[in-house]
There are 2 protein chains.
Amino acid sequence: MLPKFDSVFSIDCVIFGFEAGELKILLIERNEEPYKDWLALPGYIVEQDESIDDAAERILYELTGLRDMHMQQFHTFGEVNRHPQGRVITVAYYALIRINGQKELRPVTQYAKKAFWHPVNELPKLAFDHSEIFNTGFNKIRRRLHYQPIAFELLPEKFTLTQLQSLYETVLNKKLDKRNFRKKMLSYGFLKELDEKQKGVSYRAAKLYKFDKRKYGKIFQGEMTLA
Amino acid sequence: MLPKFDSVFSIDCVIFGFEAGELKILLIERNEEPYKDWLALPGYIVEQDESIDDAAERILYELTGLRDMHMQQFHTFGEVNRHPQGRVITVAYYALIRINGQKELRPVTQYAKKAFWHPVNELPKLAFDHSEIFNTGFNKIRRRLHYQPIAFELLPEKFTLTQLQSLYETVLNKKLDKRNFRKKMLSYGFLKELDEKQKGVSYRAAKLYKFDKRKYGKIFQGEMTLA
DNA sequence: AGATAGTGTGTGAAATTTACACCGTTAAAT
DNA sequence: ATTTAACGGTGTAAATTTCACACACTATCT
């Protein structure tokens, strides 16, 4: 028999990454009952003496080894029976990050066997109500893509316009017109054209661009409409 | 010395109403420590055996006498010291409702001395972090006004176009052009023109309109851009 | 030298947004 | 009966934004 508990707060994290033209999220394989061996979102219990924002950072780190992600809460799930051991209300956070091969995923606690990226299409069944949490989060960023510069958090620092477009197409799940897309993106004035070109491709190399955060801040006060 | 408690969930409600060209919110006067006699948002503790959505309905009812409001959560506040007696994480909900003189505000518990409407301008200091909660909620509905038909929840069932425009102007805090506003609103096709006119005004009576929820649903699938 | 794969560019039509002002109606006041 | 005060209701033209659409260029690989 598992222990029962009352009134526990937890955090669950939906972390998006973009790699090889695919959108992925970060999952763990659980090493604890309930749902031992299942796949799940990185999530755990909030301590008494930490804010939920701090808890989110800590928990993500402990379960995946990733630090200093900028996460934002997007919804709180509070159905009575969402956790088999008792009443657990969970605040869900999301972040968008660059998948650089460099950062290793290595849980620092025993609660997770491992952490890994998984394409958002063909997601398996997840533990608890994590599939629902994921869907809610995915819809959230899909909307947010239209009015916040979140695409640039997923791309490498230097990127081509085609990569940017491909990201939009993936998240929004629809084709966009190349000429119109480029015209519009460039018209905002927050993309900085670099003197550098793509390398290692077997076709004409494309120009690289950077997202210029300062210019963005000057142009919009947190508001914009994109793609 | 007040009792201390651990890990409590609570709900706080930001309920908007519109009356006499003014936007108002529902406040209570507290009858309990801490912050006894202060003004506060209606809010209380979630029970073990109720979902947070259910808790929100119950709590609003107990503190104000209002029932069957359709509330939606908008943010969760989880700073460590937001409550002087211990760790309390609160999920904030909002709703927009018609202030009909008819519905009486009458708390059914002792936790509130009374409940009343207060204009959103010139809000006094509120208990706990309720001022921050209110601001977050106000920003939320301000954004949402642009893409969800929430204005119609604030107006009486039958309303004039001028009332509708005045509501938009109040919430967005800017003047809109009368002709453009009417043209656009009518172009959506979800406003039903009634055969009735305004009564009891000392000037030419305006036509009354109704929001046609069915048509709205057909036209948009939860998406729109307004004003 | 040719094949392959993706880069980069412009125009016109259609739709949407914006700016703008006056006469009509009603009830209350004189 | 007339006037006044207050709001109701309406159209057009210019500017801007969105949308649809196709081909020549460049780099690499064989």
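What you see below is based on every heavy atom in this structure, not just the backbone, and it leaves out hydrogens, waters and symmetry mates. A note on names: the letters A, B, ... follow the listed sequences, proteins ahead of strands, and every chain is numbered from 1.
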Exercise. Find the distance A/F181:CZ to C/dT7:P and express it as a whole number of Å.
Key: 13 Å
Quiz item: Is the shortest side-chain N/O distance from B/R179 to OP1 or OP2 of D/dG9 below 4.0 Å?
Solution: no
Self-check item: salt bridge (charged side-chain N to carboxylate O under 4.0 Å, His left out) against A/K175, all qualifying residues, sequence neighbours excluded
Solution: A/E169
Exercise. Please identify each residue that fulfils side chain to side chain contact (heavy atoms under 4.5 Å, CB included) with A/R98, with sequence neighbours left out.
Key: A/N100
Self-check item: Partners passing ring-ring contact (aromatic ring centres under 6.0 Å, His included) against B/Y35 (at least two apart in sequence or in another chain)
Solution: B/W38, B/F128
Quiz prompt | Pair B/D129 + B/R82, salt bridge at N-O below 4.0 Å | solution = yes
Quiz item: Which pairs pass salt bridge (Lys or Arg N to Asp or Glu O under 4.0 Å) with one or both residues in residues 197-208 of chain A, sequence neighbours excluded?
Solution: A/E193-A/K207
Practice problem: Rounded off to whole Å, could you give me the NZ-to-P distance for the B/K199 and C/dT26 pair? | Solution: 14 Å
Self-check item: Contacts of type ring-ring contact (aromatic ring centres under 6.0 Å, His included), residue A/F159, not counting sequence neighbours
Solution: A/F152
Quiz item: Are the side chain of B/H130 and the backbone of B/A40 linked by a donor-acceptor contact shorter than 3.5 Å?
Solution: no
Exercise. Identify, with sequence neighbours excluded, every residue that meets side chain to side chain contact (heavy atoms under 4.5 Å, CB included) alongside B/R182.
Key: B/L161, B/T162, B/K178
Quiz item: Given atom CG of B/L176 and atom C1' of C/dT17, what is their separation to the nearest angstrom?
Solution: 13 Å
Quiz item: Listed by chain and number, what are the side chain to side chain contact (heavy atoms under 4.5 Å, CB included) partners of B/T170, not counting sequence neighbours?
Solution: B/F18, B/L23, B/S166
Self-check item: Nucleotide C/dT18, atom P - distance to CZ of B/R182 in whole Å
Solution: 18 Å
Exercise. Mind checking side chain to side chain contact (heavy atoms under 4.5 Å, CB included) for A/D54 and listing every partner two or more places apart, or none if nothing turns up?
Key: A/E50, A/S51
Give me, pair by pair, the N or O atoms of the protein and of nucleotides 11-16 of chain C that are less than 3.5 Å apart, along with how far apart they are.
| unit_1 | atom_1 | unit_2 | atom_2 | d |
| --- | --- | --- | --- | --- |
| C/dT11 | O4 | A/K183 | NZ | 3.1 |

Quiz item: When we call it a touch if two heavy atoms are under 4.0 Å apart, what does A/T160 touch: a base, just sugar-phosphate, or nothing?
Solution: nothing
Quiz item: Reading nucleotides 23-30 of chain D 5' to 3', which nucleotides get B (base under 4.0 Å from a protein heavy atom), which S (sugar-phosphate only), which -?
Solution: --BBBSS-
Quiz prompt | Whole-Å gap separating C1' (D/dT10) and CE (B/M185) | solution = 18 Å
Practice problem: Would you please name every residue forming a ring-ring contact (aromatic ring centres under 6.0 Å, His included) with B/F134, sequence neighbours left out? | Solution: B/F138
Sort me out a list of protein N/O and nucleotides 2-4 of chain D N/O pairs below 3.5 Å, or just none if empty.
none

Quiz prompt | Separation of atom CG in A/D177 from atom C1' in D/dA22, rounded to whole Å | solution = 11 Å
Quiz item: Within this structure, what is the NZ-to-C1' distance between A/K175 and D/dC19, rounded to whole angstrom?
Solution: 17 Å
Practice problem: Can you tell me the distance, in whole Å, between the CG atom of B/L161 and the C1' atom of D/dG8? | Solution: 10 Å
